[in-house]
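Predicted, not measured: the structure shown is a model, and the values here were computed from it. First the proteins, then the strands, lettered A, B, ... as listed; each starts at 1.
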2 protein chains.
Amino acid sequence: MAKTTKTKIKEASISSKASPSSKSSEDKPKSSGTFKIATFNANSIRMRLPIILDWLKKEQPDVLAIQETKVQDHEFPKEPIEAAGWNVVFHGQKSYNGVAFISKKPFGDVIKRLYPKDAEEQARFLVGEYEGVLLINTYVPQGFDIESEKYQYKLKYYVDLKKYFQKNIPTDRSALWMGDLNVAPTEIDLNNPKGNKDHPCYHIDARQALEETMKGKWTDLFREKEKGPGHYTFWDMRFPGAFQKNLGWRIDFLMGTPPMVERLQKIWIDTKPRGLEKPSDHTFLVAEFLR
Amino acid sequence: MAKTTKTKIKEASISSKASPSSKSSEDKPKSSGTFKIATFNANSIRMRLPIILDWLKKEQPDVLAIQETKVQDHEFPKEPIEAAGWNVVFHGQKSYNGVAFISKKPFGDVIKRLYPKDAEEQARFLVGEYEGVLLINTYVPQGFDIESEKYQYKLKYYVDLKKYFQKNIPTDRSALWMGDLNVAPTEIDLNNPKGNKDHPCYHIDARQALEETMKGKWTDLFREKEKGPGHYTFWDMRFPGAFQKNLGWRIDFLMGTPPMVERLQKIWIDTKPRGLEKPSDHTFLVAEFLR
DNA sequence: GCCCACACCG
DNA sequence: CGGTGTGGGC
């Protein structure tokens, strides 16, 4: 026991009906005000720690979901985060991927695996419950090139996510699916749709995979409040001035089940962190819900 | 001509008698006050630019000699240095070594080679004249291990420096030899002499090589003013707390010919920069001379 | 421990 | 462009 981390890895599913912990937190009186939640692809939590800690201090979210932490669990910088008064759970690997939740109150058990038994799995998935809401934090594979193996893995990842949601997330449950989904769903969700027909984040198969995975369960919460073009969460570093010229992609999402659509108050992209020194290539997507 | 750098590389020697430029500057009236000169092993001028620019602004030296710039000439960050109002000449290579002078007034021609013809030579040597004083900036090889080829190269480097000085620096000329000489000359010049008998920077052969090179020409200016132990210019990053515990080495020097010994007013090691964020493993050695 | 180069990735 | 790991140097 002394050698295991405090956060247990569970492979069992969380059900809205069966879980005593979810029942108890749904039953207990809610604190006042709103429930504020955000998602951010950090592209290295170590390099982005100053930006993240500043943002947390200013924005005071209940939960921040992070992707691309790019760090193994024993190297995760939890001390400065906890020293700033936050709780954190994480699931990482060397160099690539890696997901985390930073929160005001501690998470209980979290699930770190999309696949029940697979030691080889990439660290792209983290599920936990917070104040009775199921939170699914994913970093979906980017896909490299539509002709590649990696693109097939991406498409399969969506199929497997759909299966997971069917099995584990009842549509009437309060749940949020969030993170970097690496798909721009429509032509208004990227600067240059015409030139990106074969891009792994806009190719028709990727868009249909996302659509299939969402169908009947998930609503793109940003589009509940904003119908217009030009709202992006990612601007590629390899194109100089992409952010300044707003040549970006909307590939980070907060998806909600119907109960969360009902509770949604506000949702916005906070572009300021993208303009700071040593920024991530992504920025924060933030929403507030009725408690 | 368009492809050559503005600073010409000369392989000819500078003589105290024959050089018209040295004669004219020695004849012309000197500005008032003192002549302030410093040396600093930066261990990457790119990483140390903030520390160097801050130090220059505060200390206002006439000349700062830098070693281990670790940058090729076409990548040297001269713009921010010139933008701060300084002149700079440099001689570098990829990854290793590299020397430079930053100065209030521009240098004229500088010499970048210890060896007359050797395209393979490492960038460890820079000679120029400033206000009638010959300045020789060297980054002497460290020597790795006393059993190694590199150590033999270090010993030979001292022999070749001695030859250069015999041929090019008359003892009655105003001249300063400065830089990282990678030798602690006596037992009070390093924290742990007993444990470093076989260290390439304290081994008897290295100390004798330095002594031979100095003999009859060069005076260790720091020891003109300070006879005691515990004064160091380098503290190894690999020993945690070395600087805090003052476990260091005095391996950076300002050496003077007799005319410069006469003119020496003050000399000190400025330890403050070694305690800053992202420091070099060395710090600045500074001296003031009568003009 | 902190530099550098290089190779890989998005 | 800006992350990561690796390997080498001091």
Nearest-nucleotide wise, let me know which of Tyr96(B) and Asn43(A) is further upstream toward the 5' end of DNA chain D. Asn43(A)

For the pair made of CZ in Phe144(A) and P in dC8(C), what is the distance, rounded to whole Å? 12 Å

Within less than 4.0 Å of OP1 or OP2 of dG8(D), is there a side-chain N or O belonging to Ser95(B)? no

Measuring to OP1 and OP2 of dG2(D), would you say a side-chain N or O of Ser44(A) lies under 4.0 angstrom away? no

Protein-nucleotide distance (Lys154(A), atom NZ; dG10(C), atom C1'), rounded to Å: 11 Å

Rounding to an integer number of Å, can you tell me how far Glu277(B) CD sits from dC3(C) P? 11 Å

Atom-pair distance (CZ on Arg124(B); C1' on dC10(D)), nearest Å: 11 Å

Within this structure, what is the CD-to-P distance between Gln142(B) and dG8(D), rounded to whole angstrom? 17 Å

Per atom distances to the Lys278(B) side chain, the nearest of dG10(C), dC3(C), dG1(C) is dC3(C)

One thing to verify: whether Asp220(B) and Arg250(B) come together as a salt bridge, which I'm taking to mean a side-chain N less than 4.0 angstrom from a carboxylate O. yes

Ignoring backbone atoms, test whether Arg46(B) places a side-chain nitrogen or oxygen under 4.0 Å from the OP1 or OP2 oxygen of dC3(C). no

Return the value, rounded to whole Å, for the distance between atom OH of Tyr139(A) and atom P of dC9(C). 13 Å

Above 12 or not: heavy atoms from other molecules or residues under 6.0 Å from CZ of Phe239(B)? no

Separation of Asn97(B) atom CG from dC4(C) atom P, in whole Å? 13 Å

Does Lys94(A) have a side-chain nitrogen or oxygen under 4.0 Å from the phosphate oxygens OP1 or OP2 of dT6(D)? yes

Can we say Lys58(A) and Asp54(A) salt-bridge, meaning some charged N sits less than 4.0 Å from an Asp/Glu carboxylate O? no

Spacing between Asn41(A) atom CG and dT4(D) atom P, to the nearest angstrom: 13 Å

Are any of Arg48(A)'s side-chain N or O atoms less than 4.0 Å away from OP1 or OP2 of dG3(D)? yes

Testing Phe253(A), Tyr232(A), Phe234(A) for ring-ring contact (aromatic ring centres under 6.0 Å, His included) with His282(A), which one passes? Phe234(A)

Salt-bridged, Asp205(A) to Lys154(A), with N to O below 4.0 Å? no

Taking only side-chain N and O atoms of Lys70(A), does any of them lie within less than 4.0 angstrom of OP1 or OP2 on dG5(D)? no

